[in-house]
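This report refers to the structure that appears directly beneath it.
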Amino acid sequence: DIIGRLPGKKRLVRGNHDLFDTRVYLKYFDEIYGVRQIDGVWLTHVPMHQDSVDAPRVKVNIHGHLHANTINHPKYFNACVEQINYTPISIDDVLKKVK
């Protein structure tokens with residue numbers, strides 16, 4: 001219910017902890033994805049396979065799932081709350097960090 005009180009347009013990239021029926025999430029999120037790609041930025045829950053990430057069309061894979069673990073590769077960005085100090089981060093800020 002906290003999500004419903006937060007301002008802004010919210011989009012969900014579903015992961016392994018998102019167990020409710022999609023209709024439940026649609027009450028709180030404007031859009032729901034399995035994977036989302038925006039101008040070469042790939043948003044996933046589980047990190048993409050390295051062969052896919054190394055493709056020229058991929059600028060960065062912003063992912064979750066690994067919690068406190070990271071992948072030592074410049075095209076991966078772990079956006080788990082443990083990695084970003086439990087604070088929202090914009091895609092623009094992520095792109096600055098991976099350059």
Side-chain angles (χ1 to χ4, degrees):
D1 290 337
I2 292 171
I3 293 170
R5 297 191 309 253
L6 297 173
K9 185 172 182 177
K10 293 172 279 300
R11 297 168 188 94
L12 172 65
V13 176
R14 288 186 78 155
N16 59 305
H17 295 287
D18 299 316
L19 303 175
F20 297 114
D21 187 274
T22 300
R23 290 172 291 207
V24 173
Y25 294 108
L26 286 170
K27 295 177 188 175
Y28 307 104
F29 293 92
D30 298 287
E31 298 176 55
I32 298 173
Y33 303 99
V35 173
R36 177 79 162 120
Q37 188 273 135
I38 305 168
D39 297 326
V41 176
W42 290 76
L43 306 165
T44 62
H45 177 72
V46 175
M48 295 168 59
H49 189 277
Q50 187 170 338
D51 289 347
S52 296
V53 170
D54 285 337
R57 71 181 186 278
V58 177
K59 290 180 187 174
V60 64
N61 173 211
I62 302 173
H63 65 85
H65 191 69
L66 299 181
H67 299 280
N69 298 312
T70 59
I71 299 172
N72 188 19
H73 186 288
K75 286 190 171 183
Y76 287 103
F77 185 87
N78 183 348
C80 287
V81 296
E82 297 91 346
Q83 298 292 325
I84 60 170
N85 198 29
Y86 296 83
T87 306
I89 187 170
S90 71
I91 290 177
D92 290 336
D93 287 342
V94 170
L95 294 176
K96 288 176 191 171
K97 289 179 180 288
V98 297
K99 285 187 177 181

_Nearest-0.5 Å distance, CG of residue Leu12 to CG of residue Asp18_ = 5.0 Å

*Treat each ILVMFWY residue as a node, draw an edge where side-chain heavy atoms are under 4.5 Å apart, and state whether Val13 and Leu95 are in one component.*
yes

*Ignoring hydrogens and geometry, is there a side-chain-to-backbone donor-acceptor pair from Tyr28 to Ile2 under 3.5 Å?*
no

*Got a donor-acceptor contact below 3.5 angstrom from the Lys59 side chain to the Asp39 backbone?*
yes

*State plainly whether one hydrophobic cluster holds both Val24 and Ile32, where clusters connect Ile, Leu, Val, Met, Phe, Trp and Tyr through side-chain heavy atoms under 4.5 angstrom apart.*
yes

*Where is the tightest heavy-atom contact between Asp30 and Gly8, given as atom of each residue plus distance?*
OD2-O, 4.4 Å

*Give a yes or no answer on whether the side chain of Tyr76 reaches the backbone of Thr70 with a donor-acceptor pair at less than 3.5 Å.*
no

_Could you check whether any side-chain N or O of Asn78 sits under 3.5 Å from a backbone N or O of Asn69, counting only pairs where one atom can act as donor and the other as acceptor?_
yes

*Is Asp21 reaching over with its side chain to a backbone N or O of Arg23, donor-acceptor style, under 3.5 angstrom?*
yes

*Are Val53 and Val60 connected in a single hydrophobic cluster, I mean Ile/Leu/Val/Met/Phe/Trp/Tyr linked by side-chain heavy atoms less than 4.5 Å apart?*
no

*Where is the tightest heavy-atom contact between Gly64 and Pro47, given as atom of each residue plus distance?*
O-CD, 4.0 Å

_Return the CG to NE2 distance between Leu66 and His45, rounded to the nearest 0.5 Å._
8.5 Å

*Taking atom OH of Tyr25 and atom NZ of Lys10, what is their separation to the nearest 0.5 Å?*
15.0 Å

_Full working for side chain to side chain contact (heavy atoms under 4.5 Å, CB included) between Thr22 and Arg14_ = CA-CA 10 Å; Thr22 300; Arg14 288 186 78 155; 2.7 Å; yes

_For Phe29, all residues meeting ring-ring contact (aromatic ring centres under 6.0 Å, His included), sequence neighbours excluded_ = none

*Begin from the C-alpha positions of Asn61 and His73 and carry the test side-chain hydrogen bond (donor to acceptor under 3.5 Å, both in side chains) through to its verdict.*
CA-CA 10 Å; Asn61 173 211; His73 186 288; over 6 Å; no

*Spell out, as yes or no, whether a donor-acceptor pair under 3.5 Å connects the side chain of Gln37 to the backbone of Leu43.*
no

*For the hydrophobic clusters of this structure (ILVMFWY residues joined by side-chain heavy atoms under 4.5 Å, transitively), does one cluster hold both Ile71 and Phe77?*
no

*Side-chain (Gln83) to main-chain (His67) donor-acceptor, under 3.5 angstrom*: yes

*Hey, is the main chain of Asp51 close enough, under 3.5 Å, to the side chain of Asp54 for a donor-acceptor pair?*
no

*Among the clusters formed by ILVMFWY side chains lying less than 4.5 Å apart, do Val98 and Val58 turn up in the same one?*
no

*Just by distance, do the side chain of Glu82 and the backbone of Ile84 share a donor-acceptor pair under 3.5 Å?*
no

*asked:* Please report the interatomic distance CD1(Ile89) to NZ(Lys96), rounded to the nearest 0.5 Å.
replied: 10.0 Å

*N/O donor-acceptor pair under 3.5 Å between Lys75 side chain and Ala55 backbone*: yes

